[in-house]
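Here is the structure we will look at, set down as structure tokens.
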Number of protein chains: 4
Amino acid sequence: MGRSSVGNRVPRPTRTESDTERRVAAVPRTTDGDGTPVPQRLLAAATRLFAEQGYDRTSVQEIVEAAGVTKGALYHYFGSKDDLLHEVYARVLRLQQERLDHFAGADEPIEKRLRGAAADVVVTTIENLDDASIFFRSMHHLGPEKNKQVRAERRRYHERFRALIEEGQREGVFSTATPADLVVDYHFGSVHHLSTWYRPDGPLSPQEVADHLADLLLRALRP
Amino acid sequence: MGRSSVGNRVPRPTRTESDTERRVAAVPRTTDGDGTPVPQRLLAAATRLFAEQGYDRTSVQEIVEAAGVTKGALYHYFGSKDDLLHEVYARVLRLQQERLDHFAGADEPIEKRLRGAAADVVVTTIENLDDASIFFRSMHHLGPEKNKQVRAERRRYHERFRALIEEGQREGVFSTATPADLVVDYHFGSVHHLSTWYRPDGPLSPQEVADHLADLLLRALRP
Amino acid sequence: MGRSSVGNRVPRPTRTESDTERRVAAVPRTTDGDGTPVPQRLLAAATRLFAEQGYDRTSVQEIVEAAGVTKGALYHYFGSKDDLLHEVYARVLRLQQERLDHFAGADEPIEKRLRGAAADVVVTTIENLDDASIFFRSMHHLGPEKNKQVRAERRRYHERFRALIEEGQREGVFSTATPADLVVDYHFGSVHHLSTWYRPDGPLSPQEVADHLADLLLRALRP
Amino acid sequence: MGRSSVGNRVPRPTRTESDTERRVAAVPRTTDGDGTPVPQRLLAAATRLFAEQGYDRTSVQEIVEAAGVTKGALYHYFGSKDDLLHEVYARVLRLQQERLDHFAGADEPIEKRLRGAAADVVVTTIENLDDASIFFRSMHHLGPEKNKQVRAERRRYHERFRALIEEGQREGVFSTATPADLVVDYHFGSVHHLSTWYRPDGPLSPQEVADHLADLLLRALRP
DNA sequence: CATGAATGAGTTTTCATTCAT
DNA sequence: GATGAATGAAAACTCATTCAT
């Protein structure tokens, strides 16, 4: 539950993933320092450094040094520095979409489902503040093609969330005073903002912040 | 309502400002192409480019070319690229603080004053979207000293705004369910976020967006 | 007896030297034009140019052009232009200390040992006039840390030499009229000065100059 | 008797000197801070800065700031940065030549005259250590023409000094074991070297150092 | 699989000097 | 006499990427 956590899926652009999942020994043997395989180590190092210093301020050299490998190794696993950033995004997007789907699809009244989703995105954002910082500050560093791709996924997420609000508005439990689109942006603004002000050693736990922000959203939506 | 607007104060890093304030004609007459003096031209070009491409992705070369001057001229007026960024910040901070003071000090009930301030910051942010983008994406590019300075001014602004909410809470017109601090961050999250999604050619005018967002804030604060 | 001679040690700033000592073949085989490896070529070019034009007047561009490599290559081997200068110093200091130790530790009367050391430093200085010019004109260009390091080694050399004189003074074969410290500076003043006036095509061979200067020193020390 | 002292002759390349000597009021009225006229202030500032940082490391901007004038003023009095350096040299050379002439032409035995000259150059060098540092470290920074000029004056000085030694050798009071030329360089080597090791707060006064060094010279010349 | 030497275009910044006022 | 804005060329250094081994 540290600042940044690299998921357990190995991005291997040059290989298919399916066959490495099953046999543990298939993961590249090169695990030098600790037991973590090289690509994960690179991704973790890149995530931390990108969050700390920004994408442009982080050199490939720094990343490979932090990961304890050589440049050749990085370019063996990732096509470019850009690729590395894209992988970070991919991981976060996948995670958030999964969690939203889970909460949105629950068998509960709309109010509960929205509150659950709204609070959960806050908690997971705080638990991965590094990823969040990168996400909201470095998106424009992606090349146009990958940028498009990320934006598309982002939009799917936004629409899924908006659908929840519209559902509540149709049922009359949420006010229609404000367009659902705007409400989504209102809430996600505060989520983005978390990486600016939230400190793990502050007075509020992630869950408390999440409850407060979800509360504000639902209070604003009261008819 | 342009994207970016450069103020009318000439930055003169090597001198105190006081003596140039008196004589209006002291502003360098060197205005080459158009009638705008060089420092303003540089500031305007930098603002636009920083917003479009980010601070790190914008080279000094690009800035001086856009401003139609030479690199030497830039370094004659500004100590560094960093300085240029700082000037953008200083201008925005000054403007926002002034406007907040105006609304907060008005002779009106607290609800009206908060709504006025909350809506106004949205309108002026939209009217200076470039400045806003820079503000919320590039602050960490400032050197540590200037960073401190900007953060301090930022904090003053935050506290002024928080005081409004607390005033309403004390009077009983705003709910105390959420700490005022968190409410401020909630609102400013959505303000920061504007530069991500707001498009001038979209369906909503700046004022409409402002009214909606201020409305959401006040609805969330209803007891 | 060339103007400058670059040693056979490869500077590898990013690694400890110990592991490259073992395997002779570890010296990079990349020797483009002639057979000399890149770092040596750079060091030789830098030495010549620093001596001819001074440190500040020599651009990194000139060095890499003279060495027939690119700037990137230089910065691959040396951390900075400063580093390059430091390597020149390190080589000279090592050489001089070795030779002094050799003469000072010989099994001979003190007069012969001092004369031998005093003459030898003249010969080797003349044989490496470039290094000497750099040494005595560019030391102050080193950053403070490296400056300290060089000064410390320099002092060790000075003290070793002074010890010889003091030994002779204690034995009564050298006059005690002048403090040994001052005598050392007197002699080394003339050694430094060599790079100002000595010309290889002049009437005196290095050995002749050395004999004369050592003679002056010993005559001045006669009781 | 501070580190560096600028003589009382105003270098005015663009004007004749003769008419400003007589009438005090003819000295340019621009004496801003203290009462010293601008050119002297510039020369003094340049001398100090050149000695401290070297010629190349000292910018024209630093000089004018230290002197409390503007760049325009500097270029009004001196044709270039190079000119400034040349003026420093000219002053030192003039002074040393005068003093040597004085001692060499005295009505005394050759031994006394040589000792006097040898000691005096040490004292005046120590009293103007800044000038000396500049002299021995920055001569090669002069353009070829001025370089030639300085070298010529330097040679005159050297020859004057050598003549003293040869006179003694002819009279049989100095040994002829070493060529007079070499003896001169031996002594001046130690004079140059002074700026490397002499510290005003050290144990020896300038006169003591001078006596010791002159003593060493004369002892070395004993037949 | 992995290395690390090498590239080359790029970066920000400095600075002596000029010139209109 | 003096100003200081502006120039333009050059400075040191960085860095993502490639490729022979």
Distance-only polar pair, side chains of C:H140 and D:R137, donor-acceptor under 3.5 Å: yes

Any donor-acceptor N/O pair, B:Y89 side chain to B:N147 backbone, under 3.5 Å: no

Spacing between C:L49 atom CG and F:dA11 atom C1', to the nearest angstrom: 16 Å

Rounded interatomic separation in angstrom, taking CG from C:L74 and C1' from E:dA6: 12 Å

Length of the CG-C1' vector between C:L84 and F:dA12, whole Å: 13 Å

Check against side chain to side chain contact (heavy atoms under 4.5 Å, CB included), C:Y77 and C:D83: CA-CA 10 Å; C:Y77 289 105; C:D83 251 32; over 6 Å; no

C:H76 side chain near E:dA5 phosphate (N/O to OP1/OP2, under 4.0 Å): yes

Spatial distance of atom CD (B:Q40) from atom CD (B:E87) [nearest 0.5 Å]: 10.0 Å

Protein-nucleotide distance (C:L42, atom CG; E:dT7, atom P), rounded to Å: 10 Å

Rounded interatomic separation in angstrom, taking CZ from A:F78 and P from E:dC1: 14 Å

Straight-line distance of C:R57 CZ to D:D56 CG, nearest 0.5 Å: 4.5 Å

Per B:V69 side chain, nearest of listed nucleotides F:dT7, E:dT7, F:dA6: F:dT7

A:S59 side-chain N/O to A:E62 backbone N/O, donor-acceptor pair under 3.5 Å: yes

Contact state string [nucleotides 11-21 of chain E, B base, S sugar-phosphate only, - no protein heavy atom under 4.0 Å]: SBBBSSBB---

Watson-Crick/G-U partner (both atom distances under 3.5 Å) of E:dA20: F:dT3

Protein-nucleotide distance (A:E65, atom CD; F:dC15, atom C1'), rounded to Å: 13 Å

Rounded distance (Å) that lies between atom C1' of F:dA12 and atom NE2 of C:H141: 15 Å

